[in-house]
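Remarks on the structure that follows.
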Amino acid sequence: MAKSILLCCILAITCTLAVASDPAPLQDFCVADFNSQVLVNGVACLDPKLVTADNFFLSGLDKPGNVSNLHGSVITPATVEQIPGLNTLGISLVRIDYAPWGVISPHTHPRATEILVVIEGTLLVGFITSNPDNKLITKVLQKGDVFVFPEGLIHFQQNVGYGNAFSFSGLSSQNPGVVLVPDTVFGSSPHIATDVLAKAFQVDKAIVDQIEAKF
Ligand SMILES: *[C@@H]1O[C@H](CO)[C@@H](O)[C@H](O)[C@H]1NC(C)=O
């Protein structure tokens with residue numbers, strides 16, 4: 001009896017793991033063939049005979065991105081778009097540069113958990129648990145510190161140091177995706193009906209119009 005309960009638990013855990021990130025590969029690799037017309041979950045495979053080391057390679061992540069923009073931050077991605085060899089492997093990487101007080105807006109990755117390491121500077125980071133608690137889990141990170149943003153939860157980063165900062169993040173998808181809360185809610189095309197947002201945020205319609213005008 002105890003044995004079968006244990007077996008059920010192991011099965012349940014294993015099944016959960018199997019659906020919690022990108023599907024497991026069924027071959028050594030499947031380098032993305034972006035020219036293929038075949039539509040699959042991911043990208044169709046390039047003929048393995050044509051695969052070279054460059055399909056698994058990217059350079060330049062030592063170089064700071066340009067942070068002269070509204071948010072004072074920039075993301076340099078290393079996902080399947082940049083490294084076709086990541087196709088079907090369930091993993092990717094990004095470099096993030098931050099100007100002093102630069103922000104990565106509250107956002108979520110629909111397909112990935114993120115693990116971030118600060119290489120330079122001081123970052124305020126946090127994520128918020130789902131309803132009904134909506135609890136903010138937050139910390140100030142120094143160089144060398146690591147923090148995890150669980151899959152699907154809204155999170156943010158801010159450079160709270162005096163100089164530039166940068167971090168790297170590993171993500172548990174070849175294509176983590178990003179849903180920026182302000183851009184999706186107030187900047188959708190076409191806009192969500194003003195009345196919906198006015199009621200949702202419990203503000204005057206004019207305030208909704210004012211925020212929408214910025215996107
Ligand atoms: C950085 O971006 C700003 C704004 O787009 C641009 O004016 C500036 O030339 C860029 N700097 C570099 C070094 O590319």
Side-chain angles (χ1 to χ4, degrees), residues 32 34-35 43 52-87 91-112 114-128 138-149 153-192 197 201 207-215:
F34 291 112
N35 294 320
V43 187
T52 69
D54 280 343
N55 295 133
F56 301 92
F57 174 80
L58 180 70
S59 69
L61 259 67
D62 58 321
K63 296 190 180 59
N66 185 344
V67 292
S68 304
N69 56 56
L70 212 60
H71 295 108
S73 67
V74 69
I75 293 170
T76 309
T79 68
V80 70
E81 290 286 318
Q82 292 77 33
I83 309 177
L86 281 179
N87 191 40
I91 195 167
S92 60
L93 182 74
V94 296
R95 173 185 170 129
I96 310 176
D97 286 274
Y98 316 79
W101 308 108
V103 159
I104 298 286
S105 300
H107 66 283
T108 167
H109 304 290
R111 292 175 287 275
E114 173 172 353
I115 181 165
L116 176 150
V117 57
V118 179
I119 307 297
E120 199 64 69
T122 305
L123 296 183
L124 167 69
V125 301
F127 67 83
I128 300 104
T138 184
K139 205 161 175 67
V140 174
L141 307 180
Q142 309 294 343
K143 183 174 178 167
D145 290 351
V146 173
F147 200 76
V148 172
F149 304 117
L153 298 188
I154 290 176
H155 57 281
F156 61 87
Q157 295 107 271
Q158 181 176 36
N159 176 3
V160 292
Y162 292 99
N164 284 353
F166 77 101
S167 61
F168 283 97
S169 287
L171 294 127
S172 61
S173 171
Q174 64 177 43
N175 178 27
V178 61
V179 176
L180 289 162
V181 176
D183 302 54
T184 50
V185 175
F186 291 101
S188 69
S189 174
H191 282 324
I192 299 172
L197 294 183
F201 286 87
I207 294 176
V208 172
D209 289 338
Q210 190 192 343
I211 300 174
E212 282 181 344
K214 297 189 193 297
F215 289 92

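Read the numbers this way: they start at 1 and go in the same order the structure lists the ligands and their atoms. FYI, side chains are in, hydrogens and waters are out, and symmetry mates aren't considered; it's all heavy atoms of this structure.
Partners of F156 under the ring pair (Phe, Tyr, Trp, His ring centres under 6.0 Å) rule, at least two apart in sequence or in another chain, do not exist in this structure. For F201, the ring pair (Phe, Tyr, Trp, His ring centres under 6.0 Å) partners two or more places apart in sequence, or in a different chain, are F186. In this structure S73 satisfies the side chain to side chain donor-acceptor pair (under 3.5 Å) test with no other residue, sequence neighbours excluded.
Not a single donor-acceptor pair under 3.5 Å links the side chain of D97 to the backbone N or O of V74. R95 contributes no side-chain N or O that, together with a main-chain N or O of F166, makes up a donor-acceptor pair within less than 3.5 Å.
Using a 4.0 Å heavy-atom criterion, the residues that approach ligand 1 are N66, S68.
Ring geometry for H155 versus F149: interplanar angle under 30°, hence parallel rather than tilted (30 to 60°).
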